[in-house]
Structure formats: C-alpha cells, structure tokens
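Let me begin by presenting the structure, written as structure tokens, before commenting on it.
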Amino acid sequence: MSEADVVCYSEEIGLAADLVRIARALPAEMAPKVHAVLLPGAAADADDRLGAAGAHAVHRVAGTESADPHVVAGLLRGVVAALEPSLLLFGSTKRGREVAGRLAGLLDLPALTGVTGLRVTAEGVRAERETLSGNAVAVERFARRPALVAVLPGTTAAAALPVTAVERREHTAAPPKALSERIEVRPKAGGQLEIEKADRIVTIGRGLKKKEDLALIEALARSLGAEVGCTRPLAAEAGWLSDDHWIGLTGHRVHPKLYVAVGVSGAVQHLVGMRTSKVVVAVNKDANAPIFAQADYRIVGDLYQIVPALTKALAG
Ligand SMILES: Cc1cc2nc3c(=O)[nH]c(=O)nc-3n(C[C@H](O)[C@H](O)[C@H](O)COP(=O)(O)OP(=O)(O)OC[C@H]3O[C@@H](n4cnc5c(N)ncnc54)[C@H](O)[C@@H]3O)c2cc1C
C-alpha cells in the first residue's frame with residue numbers, strides 16, 4: 001500500500017463519486033491509488049458508480065446500518081487504518097461533518113470541513129474555504145499528514161477517469177458500541193424537501209407581501225418543474241416556509257441548472273448559497289438590486305405582474 005493513497009467516503013453516493021473524481025484529478029504521484037469506501041446500507045449499484053467515477057478500489061464494509069456517527073466513524077476507522085492513506089476526502093454534508101470530526105478524533109487526524117478547493121503537492125495539502133460571509137477565500141495548509149478534508153457538495157469535480165479493472169474488497173468490522181440510540185424518525189412538517197438536489201429552483205424573498213401570495217410562486221415553480229426556495233427572512237423570521245427551503249450561508253447551498261430569484265435583493269449571505277447555479281434569472285423592481293449582478297437574465301418589474309405573466313407564458 002502506498003503512503004500517498006487517497007480514501008474517499010460520503011454517505012451520498014453522487015458526492016462520493018465526485019470525491020473520487022477530485023482525487024483522480026490530483027497529480028498521479030500525489031494520489032496513485034484512489035479507494036472508495038461503502039458502509040452497510042449503501043445501494044447495490046454504488047460499487048459500479050464509484051468504479052465508473054474512477055476508483056481503483058472499492059471497499060464494502062459488511063454489517064448493520066447505523067445512524068450513529070460514532071458507529072459510522074468506528075466502522076471507517078478499521079478500513080482507513082488498514083489502508084494507511086495520506087489523504088482522506090469526505091463529503092462535507094451535515095452528516096459527513098459529524099462523522100469526519102469523530103474519525104479525526106479517533107485517528108488523531110488534522111481535519112478541515114466546508115472545503116471548496118484542494119491542492120496537493122510535495123509540500124503538502126492546501127485547502128480552500130470561504131470566509132467572511134463568503135466574501136473571501138481562506139487558504140489553509142495542513143501541518144501533517146494524513147489529513148482529512150471534507151469537501152462541500154457542488155465543488156467542481158473533474159471528468160471521470162474510469163479504470164479498466166476495479167478492485168473490490170469486502171471487509172467485516174465489529175461496530176463500536178453506539179453512544180446514542182435513534183428512537184424514532186419523525187417526518188418534518190413540510191415534507192422531505194432536499195433542495196440541494198433540485199435541478200430547478202424558484203426562490204422567493206421579502207418582495208412577497210403576504211404568505212397567501214406564495215401560491216403565485218408555487219404556480220411558477222410548478223410550471224417550471226422547480227422546487228420553491230426562500231431567503232432567510234421568509235423562513236427564520238416570517239416562518240412562511242420551513243427551513244428546508246432556506247438558501248444561503250446559514251441555509252442550504254444549492255447548485256441547480258436554473259435559479260429564478262424573485263423579490264430577492266441579493267445579500268452576500270444569500271449569494272453564497274446559490275452562486276454556483278448555472279443559469280440565474282432575477283425578478284426585482286429595483287434595477288440596482290445586487291442580485292442582478294449575479295443574473296444571466298434580468299427582469300426589472302413588479303413580481304405581482306411578472307410572475308403570473310411568466311407562469312401563463314410557460315403554460316401556453
Ligand atoms: C450571519 C448572517 C447569516 C445570514 N444567512 C442568510 C442565509 O443563509 N440566507 C439568506 O437569504 N439570508 C441570510 N442572511 C440575511 C441577509 O443578510 C439578507 O438580510 C437577506 O438575504 C435578505 O432577504 P431578501 O432578499 O428576501 O430581502 P430584502 O433584502 O429585503 O430584499 C427584498 C427585495 O425584494 C424587492 N422587491 C420588493 N417588492 C418587490 C416587488 N413587488 N416586485 C419585485 N421585487 C420586489 C426589493 O427591491 C428588494 O431587492 C444572513 C444574515 C446574517 C447577518
């Protein structure tokens with residue numbers, strides 16, 4: 001086993017595949033072999049997806065699925081210790097961060113979460129993270145390796161570099177005793193929205209006068225096959241939409257193909273959550289609203305006229 005190997009893990013297989021692509025894009029001498037780890041509960045086709053992304057080896061750990069991050073970290077610990085990688089790439093999801101922190105504690109690894117860029121050279125591992133409300137990028141260097149880097153979803157991953165023969169290995173690991181027990185999973189009011197996964201989003205901001213007017217936005221979203229997102233004031237202050245819809249620095253970070261921002265001013269804390277959207281359409285009555293600087297298509301006008309007109313045009 002080479003000391004420079006990379007181990008990739010995320011409970012989200014799409015993100016795990018992105019991590020594999022990021023690892024394969026590192027200079028070959030810095031990441032000669034890329035391993036992906038699957039834990040109990042991973043989908044049957046996950047091995048193939050990771051292989052297609054370019055993993056040289058896929059390691060499947062057998063056992064019982066656990067929701068306890070302590071148990072998950074314990075299961076990973078055995079595989080990681082056996083592989084002796086110099087770099088671990090994790091998905092910086094809410095769950096991924098919990099597991100990463102615990103694994104770093106168990107193995108005494110230096111760790112950074114929320115990473116948006118990575119550079120690995122003979123001098124070491126450098127990670128980039130947003131700071132100052134997304135207005136600046138902090139570059140940090142690890143003092144030692146192995147290092148654990150948790151990468152934010154949506155971080156650019158290179159094209160897949162599939163390998164001809166993917167090595168597949170089974171592992172059995174005795175899970176550590178759980179430190180907490182999940183008693184029940186109660187669905188949240190408002191359903192199971194995972195806005196990070198949406199391809200199209202119509203986001204509403206404080207330009208909306210009253211809760212009942214959300215129907216206008218929902219109609220536009222329906223006609224586009226989009227999910228409804230919102231700025232912080234609509235979720236945290238007005239409570240018109242649940243936190244699942246809240247986009248931004250303290251909300252969800254989204255990467256849709258289409259982002260329609262309606263009555264949204266474009267505060268930096270909001271932009272941080274949507275700036276990687278592919279095509280941005282903004283509707284605002286203020287021609288100088290900062291959101292227009294992010295927009296590919298700008299519609300200056302009253303949302304109460306524009307939104308129904310757009311919905312009608314899309315329906316026809
Ligand atoms: C630490 C911190 C974290 C934060 N995190 C987040 C976050 O994660 N997400 C987030 O969104 N915010 C966040 N905020 C809040 C952020 O700073 C802004 O206050 C917020 O994004 C503004 O929301 P808005 O655009 O809906 O409202 P406003 O800034 O009030 O903008 C409303 C816009 O609607 C337009 N408008 C009004 N009426 C109409 C109409 N009839 N037709 C068309 N346009 C109209 C106005 O011209 C205006 O541009 C955070 C703030 C702090 C301090």
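Atoms within each ligand, like the ligands themselves, are counted from 1 in listed order.
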### Query
What are the two closest heavy atoms between Asp68 and Ser180, and how far apart are they?
OD2-N, 3.1 Å
### Summary
Heavy-atom proximity to atom 49 (O) of ligand 1, picking from Leu249, Leu303, Asn284, points to Asn284
### Message
I'd like to check the ring pair (Phe, Tyr, Trp, His ring centres under 6.0 Å) partners of Tyr259; sequence neighbours left out, ordered by chain and number.
### Response
none
Looking at [X] and [Y], would you say the former's side chain and the latter's main chain have a donor-acceptor pair under 3.5 Å?
{"X": "Asp296", "Y": "Val280", "result": "yes"}
{"X": "His70", "Y": "Ala178", "result": "no"}
{"X": "Ser92", "Y": "Val151", "result": "no"}

Which atoms of ligand 1 are found less than 4.0 Å from any heavy atom of [X]?
{"X": "Gly248", "answer": "7 (C), 8 (O), 9 (N)"}
{"X": "Gly301", "answer": "42 (N), 43 (C)"}
{"X": "His270", "answer": "10 (C), 11 (O), 21 (O)"}
{"X": "Ala267", "answer": "16 (C), 17 (O), 18 (C), 21 (O)"}
{"X": "Asp302", "answer": "40 (C), 41 (N), 42 (N)"}
{"X": "Gly251", "answer": "8 (O)"}
{"X": "Asp286", "answer": "47 (O)"}
{"X": "Thr250", "answer": "3 (C), 4 (C), 5 (N), 6 (C), 7 (C), 8 (O)"}

### Message
With a heavy-atom distance limit of 4.0 Å, tell me whether Ser265 approaches ligand 1 through its side chain, its backbone, both, or neither.
### Response
both
#### Entry: Ile247, portion touching ligand 1 at heavy-atom distance under 4.0 Å
backbone
### contact_flag Pro233 ligand 1 heavy-atom lt 4.0 Å
yes
### Message
Under 3.5 Å between any N/O of Gly263 and any N/O of ligand 1: does that happen in this structure?
### Response
yes
### Task
Please determine if Arg206 has a nitrogen or oxygen closer than 3.5 Å to a nitrogen or oxygen of ligand 1.
yes
### Arg141, CZ: over 12 other non-hydrogen atoms inside 6.0 angstrom
no
### Message
Show every salt bridge (Lys or Arg N to Asp or Glu O under 4.0 Å) that has at least one partner inside residues 303-316, sequence neighbours left out.
### Response
none
### Query
Are side-chain N/O atoms of Arg145 and Ser86 paired as donor and acceptor at under 3.5 Å?
yes
### Query
Is the distance between the ring centroids of His35 and His59 under 6.0 Å?
yes
